[in-house]
Amino acid sequence: QVQLVESGGGLVQPGGSLRLSCAPSGFTLDDYAIGWFRQAPGKEREGVSCISQSRDVYYNEPVKGRFTISRDNAKNTVYLQMNGLKPDDTAVYYCARIEARWDFVPLQDRCVGPRIGYWGQGTQVTVSS
């Protein structure tokens, strides 16, 4: 049974940092690209950052230079380090598995909802003073 479990969300002041973790199970992490997505109230879910099996990375423009995605296959965990947080970063953050049949597509084009096979349950990130 494929599962992805996020942790690390919370309330943080503007300019602060959080590190999200994603712990997958039911499949071999090495074999899949993984993405972080977010959905703010009243907005569509968007791809924030994705990492390929070979550790290529993609970031959407609003988070470039502030967020860092990484994976530790030995620990079976994918991370999203978020620095310089802004109120606009407030959202539910989801970890997701990108389906392998899309591996021929450039990573930035895989970091979108229709390429996802499995989603985590989400973790709330709130940036507020």
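Everything numeric here is computed off the predicted structure, so don't read it as measured data. Atom set for the values below is all heavy atoms of this structure, side chains included, hydrogens, waters and symmetry mates excluded.
At a cut-off of 3.5 Å, with distance as the only test, a side-chain donor of N83 or S17 sits close to an acceptor on the other residue. Side chains of R38 and Y93: a donor on one and an acceptor on the other come within 3.5 Å. Q53 and D103 share a donor-acceptor pair across their side chains, judged by distance under 3.5 Å alone.
The two atoms that bring T77 and S21 nearest to each other are CG2-CB, 4.1 Å, heavy atoms only. L4 approaches C95 most closely through the heavy-atom pair CD2-SG, 3.6 Å. Shown here for P14 and S129, the closest heavy-atom pair between the two residues is CD-N, 3.7 Å. For S49 against C111, the heavy-atom pair with the smallest separation is C-SG, 3.7 Å. Annotation for R71 and I34: closest pair NH1-N, 4.3 Å, computed over non-hydrogen atoms. Considering all non-hydrogen atoms of both residues, L18 and G8 come closest at CD2-O, 3.8 Å.
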* Would you check, one step at a time, whether the test side-chain contact (heavy atoms from CB on, under 4.5 Å) holds for V127 with Q13? => CA-CA 5 Å; V127 185; Q13 292 188 342; over 6 Å; no
* Chi angles and distances behind the ring-ring contact (aromatic ring centres under 6.0 Å, His included) call for F67, W36 -> CA-CA 11 Å; F67 290 11; W36 285 98; over 10 Å; no
* Would you sort out whether S128 and T90 count as a side-chain contact (heavy atoms from CB on, under 4.5 Å), showing the intermediate values? => CA-CA 8 Å; S128 175; T90 295; 5.9 Å; no
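Hydrophobic clustering (ILVMFWY, side-chain heavy atoms < 4.5 Å, transitive): Y59 and I116 are in distinct clusters. Neither V63 nor V92 shares a network with the other; the hydrophobic side chains, linked directly or stepwise wherever heavy atoms of I, L, V, M, F, W or Y lie under 4.5 Å apart, form separate groups for each. Note on I98: it does not cluster hydrophobically with V112, by side-chain heavy-atom contacts below 4.5 Å among ILVMFWY residues. Note on Y94 and I69: separate hydrophobic clusters, where clusters join Ile, Leu, Val, Met, Phe, Trp and Tyr whose side-chain heavy atoms are under 4.5 Å apart, directly or indirectly. In terms of hydrophobic clustering, with Ile, Leu, Val, Met, Phe, Trp and Tyr side chains grouped at heavy-atom distances under 4.5 Å, F37 and Y58 are assigned to different clusters.
In this structure, the side chain of R66 engages the main chain of G84 through a donor-acceptor pair within 3.5 Å. A distance-only check finds no donor-acceptor pair linking the side chain of D56 to the backbone of L107 [under 3.5 Å]. Without hydrogens or angle criteria, T123 side chain to G9 main chain gives a donor-acceptor distance under 3.5 Å. In terms of modelled atom types and a separation under 3.5 Å, the side chain of E6 and the main chain of Q121 share a donor-acceptor contact. A side-chain donor-acceptor contact under 3.5 Å links D72 to the backbone of K75. Here the side chain of T68 pairs no donor or acceptor atom with the backbone of Q81 at under 3.5 angstrom. A donor-acceptor pair under 3.5 Å is absent between the side-chain atoms of S54 and the main chain of S52, judged by distance alone.
Remark: R97 fails to qualify as a cation-pi partner of W119 under the 6.0 Å distance and 45° angle criteria applied to the six-membered ring. For the pair R19 and Y79, the cation-pi criterion (under 6.0 Å, within 45° of the ring axis) is fulfilled. Figure legend: cation-pi geometry between R110 and W102 absent, as NZ or CZ is not positioned both under 6.0 Å from the six-membered ring centre and within 45° of its axis.
Under the 30°/60° scheme for interplanar angles, the aromatic rings of F27 and Y32 are found to stand perpendicular.
Distance check, rounded to the nearest 0.5 Å: OG of S25 to CD of Q1 gives 7.5 Å.
In this structure, the side chains of P62 and D88 stay at 4.5 Å or more apart for every pair of heavy atoms.
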